[in-house]
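What follows is one structure encoded as structure tokens, with my remarks underneath.
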Amino acid sequence: MAKVVVGKTSEIPQGKMSHTTAAGKEILVANVDGSYYAINDICNHAGAELHEGELAGNEITCPWHGAKWDASTGNLISFPQKLKGLESYKVIVENETVYVDV
Ligand code: FES
């Protein structure tokens with residue numbers, strides 16, 4: 001496991017997403033009502049970058065075909081096809097800095 005800086009808390013306000021690359025993985029970080037969550041940034045339907053989609057509550061809508069993902073778990077919420085859940089990662093906040101543990 002490696003602790004990787006994503007950014008300052010002020011750079012990821014409530015209702016916003018950010019992303020980073022760490023350990024060869026594309027990682028999305030979402031601020032859901034003041035809590036930070038990290039999941040894989042790549043939609044496993046056809047490869048869209050989910051941080052370019054919409055975040056409403058804990059629900060991320062994929063910008064390409066509209067799959068809805070749970071930012072807090074990486075699980076699929078809705079899509080006509082059954083898709084595997086996305087990997088999720090531990091988030092650590094220290095001294096107003098957001099880290100992911102990958
Ligand atoms: S790439 Fe995300 S729903 Fe198709």
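Atoms within each ligand, like the ligands themselves, are counted from 1 in listed order. These numbers come from the heavy atoms of this one structure, side chains and all, not from hydrogens, waters or symmetry mates.
- With hydrogens and angles ignored, the 3.5 Å screen pairs a side-chain donor or acceptor of E11 with a backbone N or O of K8.
- H65 lies apart from atom 2 (Fe) of ligand 1 in this respect, since none of its N, O or S atoms is found at a distance under 2.8 Å.
- For the pair T97/V5, a side-chain contact is recorded, criterion being any heavy-atom separation below 4.5 Å from C-beta on.
- Close approach of ligand 1 to C62 is summarised as follows: ligand atoms under 4.0 Å from at least one heavy atom of the residue are 1 (S), 2 (Fe), 3 (S).
- Its N, O or S atom nearest to atom 4 (Fe) of ligand 1 is what matters here, and for H45 that atom is ND1.
- Evaluated for a side-chain contact (heavy atoms from CB on, under 4.5 Å) with L50, the options I42, N40, L86 yield exactly one hit, L86.
- Contact annotation: for A46 versus ligand 1, heavy atoms closer than 4.0 Å belong to both the backbone and the side chain.
- Heavy atoms of other residues, nucleotides or ligands lying less than 6.0 angstrom from NZ of K3 number more than 12.
- Contacts with ligand 1 closer than 4.0 Å are made by heavy atoms of both the backbone and the side chain of A67.
- For ligand 1, the atoms sitting less than 4.0 Å from at least one non-hydrogen atom of A48 are 1 (S), numbered in the order shown with element in parentheses.
- Between C62 atom SG and E54 atom CD the span is 11.5 Å, to the nearest 0.5 Å.
- Taking a cut-off of under 4.0 Å to the non-hydrogen atoms of W64, the atoms of ligand 1 that pass are 1 (S).
- Two residues are said to be in side-chain contact when any heavy atoms from C-beta on lie closer than 4.5 Å; W69 and I77 fail this criterion.
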